[in-house]
Amino acid sequence: MSSSTDITVVHLMRHGEVENPDGVLYGRLPGYHLSELGRQMADRVAEHLSSRDVTYVCASPLERAQETATPIAKAHGLDLATDERLIEAENTFQGKTFGVGDGALRRPGNWKYLVNPMKPSWGEPYIDQVVRMMGALDSAKERARGHEAVLVSHQLPIWIVRSYVEKRRLWHDPRKRQCTLASLTTFTYRGDRIVSVGYSEPARDLVPAHLLSGAKPVKGQQGKGQGKAFGA
């Protein structure tokens, strides 16, 4: 039974950098693992959270999320749980690249997927992401009642559920998402109610400048690494 005064903290963490030399929008594809830098990011956040009262660690089933969450769970002597609801957003362009001149968005056959950015028409509806992510947050809050939980997920679902909680419209300019690699979006509950949302970047000094939140694309980097236009 919950109390109106008990405090539970749930951190939604974005995974670390992924080994992706071809700049593929990897989406839900298997086989995409953390790079060496990504592993350093995961270790940094594990160290950052080592003194916190974390009693539950859970991740998306995708390799990059599992590998990011592993050192956090280990630091607290916890088994790593998996929640399918934390998975990356479904995307029609999965497996394609979006660098200048690669043709993915130049082909007329793909234009039909771009007609409605408010839904969005190229992938999983934003409202569906809200439903599953809120469900994952609620489950974590119950499991860590009175303590802290860490959930490792992906940029777009994290940003969408934060936008929902903060009462912003769900459709947005992807370049303005505040959700850098290995960042923490932190939801604080009093009882069953979210009373605040925070954001921090414990591994900020490890993140390449062009991948920081709000950074402008750099020539030669567009389409590489994180597929910012469609989530990562």
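For the single chain, residues carry numbers from 1 onward in sequence order.
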On a heavy-atom basis, the closest approach of Ser153 and Pro157 is OG-CB, 4.2 Å

Heavy-atom side-chain proximity of Lys96 to Val24 below 4.5 angstrom: no

Please test Ile194 against Thr188 for side chain to side chain contact (heavy atoms under 4.5 Å, CB included), starting from the C-alpha separation and ending with a verdict. CA-CA 6 Å; Ile194 296 173; Thr188 300; over 6 Å; no

Evaluate Tyr26 against His154 for ring-ring contact (aromatic ring centres under 6.0 Å, His included), listing each step before the verdict. CA-CA 12 Å; Tyr26 33 72; His154 307 269; 8.4 Å; no

Tell me, do Thr68 and Leu34 make a side-chain contact under 4.5 Å, heavy atoms counted? yes

Taking C-beta and beyond as the side chain, do Ser60 and Glu88 meet within less than 4.5 Å on heavy atoms? no

Worked check of salt bridge (Lys or Arg N to Asp or Glu O under 4.0 Å) between Arg145 and Asp6: CA-CA 8 Å; Arg145 175 80 66 176; Asp6 64 29; 3.7 Å; yes

Can you get from Val54 to Leu151 by hopping between Ile, Leu, Val, Met, Phe, Trp and Tyr side chains that sit under 4.5 Å apart? no

Reported CZ-to-CG distance for the pair Arg44 and Leu37, which is rounded to 0.5 angstrom: 10.0 Å

With rounding to the nearest 0.5 Å, note down the distance linking CG in Leu49 to CD1 in Ile72. 5.5 Å

Pair Glu201-Thr180, side-chain hydrogen bond (donor to acceptor under 3.5 Å, both in side chains): steps then yes or no: CA-CA 7 Å; Glu201 298 176 355; Thr180 290; 3.2 Å; yes

Separation of Leu80 CG from Cys58 SG (nearest 0.5 Å): 7.0 Å

Derivation of the side chain to side chain contact (heavy atoms under 4.5 Å, CB included) call for Glu63 and Val18: CA-CA 10 Å; Glu63 292 97 332; Val18 175; over 6 Å; no

Glu47 atom CD, neighbour heavy-atom count above 12 within 6.0 Å: no

Met133 with Ile127, same ILVMFWY side-chain cluster at under 4.5 Å: yes

For a 4.5 angstrom cut-off between non-hydrogen side-chain atoms, does Gln66 reach Leu62? no

CZ (Arg39) with more than 12 external heavy atoms under 6.0 Å: yes

Determine, stepwise, if the pair Arg64 / Glu67 fulfils salt bridge (Lys or Arg N to Asp or Glu O under 4.0 Å). CA-CA 5 Å; Arg64 59 192 185 270; Glu67 292 164 1; over 6 Å; no

Say you draw a straight line from NE2 of His33 to CD of Glu17; how long is it, rounded to the nearest 0.5 Å? 15.0 Å

Closest non-hydrogen atoms of Ala75 and Ala46, given as atom of the first, atom of the second and distance, are CB-O, 4.5 Å

Minimum heavy-atom separation for Val45 to Ala182, with atom names? CG2-O, 3.5 Å

Looking only at heavy atoms, the pair that brings Leu78 and Tyr56 closest together is CD1-N, 3.7 Å

Whether Arg169 side chain and Trp171 backbone form a donor-acceptor pair below 3.5 Å: yes

Is it true that Asp192 and Lys141 make a salt bridge, defined as a side-chain N closer than 4.0 Å to a carboxylate O? yes

Audit row: Gln94, Arg28, side-chain hydrogen bond (donor to acceptor under 3.5 Å, both in side chains) steps and yes/no: CA-CA 7 Å; Gln94 176 178 287; Arg28 295 180 175 181; 5.9 Å; no

Grab the two heavy atoms, one from Phe93 and one from Asn91, that are nearest each other, plus how far apart they are. N-OD1, 2.7 Å

Please say yes or no: joined through hydrophobic side-chain contacts below 4.5 Å, possibly via intermediate residues, are Ile158 and Val10 part of one cluster? yes

Salt bridge or not between Arg132 and Glu124? Use side-chain N to carboxylate O under 4.0 Å. yes

Heavy-atom distance under 4.5 Å between the side chains of His172 and Leu156, does that happen here? yes

For Tyr164, I'd like to know if atom OH has over 12 heavy atoms of other residues, nucleotides or ligands within 6.0 Å. no

Leu12/Thr186 under side chain to side chain contact (heavy atoms under 4.5 Å, CB included): CA gap, chis, key distance, verdict: CA-CA 6 Å; Leu12 262 183; Thr186 300; over 6 Å; no

Checking side chain to side chain contact (heavy atoms under 4.5 Å, CB included) for the pair Met41/Leu181: CA distance, chi angles, key distance, verdict? CA-CA 8 Å; Met41 292 176 181; Leu181 290 166; 4.1 Å; yes

Rounded to the nearest 0.5 Å, what separation is found between the CD1 atom of Ile7 and the NE2 atom of His147? 13.0 Å

With side chains defined as the heavy atoms from C-beta onward, is the minimum distance between Thr185 and His11 less than 4.5 Å? no

Same cluster or not: are Val197 and Leu170 linked, directly or through other Ile, Leu, Val, Met, Phe, Trp or Tyr residues, by side-chain heavy atoms under 4.5 angstrom apart? yes

Transitively linked via ILVMFWY side-chain contacts under 4.5 Å: Tyr189 with Val150? no

Between Arg85 and Asp128, does any side-chain N to carboxylate O distance fall below 4.0 Å? no

From His48 atom NE2 to Asp43 atom CG, the distance as rounded to the nearest 0.5 Å: 14.5 Å

A cation-pi test, strictly: NZ or CZ of Arg162 under 6.0 Å from the centre of the six-membered ring of Trp159 and no more than 45 degrees from its axis. Yes or no? no

With heavy-atom distances below 4.5 Å as the criterion, would you say the side chains of Val57 and Glu148 are in contact? no

Side chain to side chain, Val161 and Phe187, heavy atoms closer than 4.5 Å: yes

Check the surroundings of atom CG in Asp79: do more than 12 heavy atoms from other residues, nucleotides or ligands lie under 6.0 Å from it? no

Note: Ala65 and Ala59 closest approach over all heavy atoms is O-CB, 3.7 Å

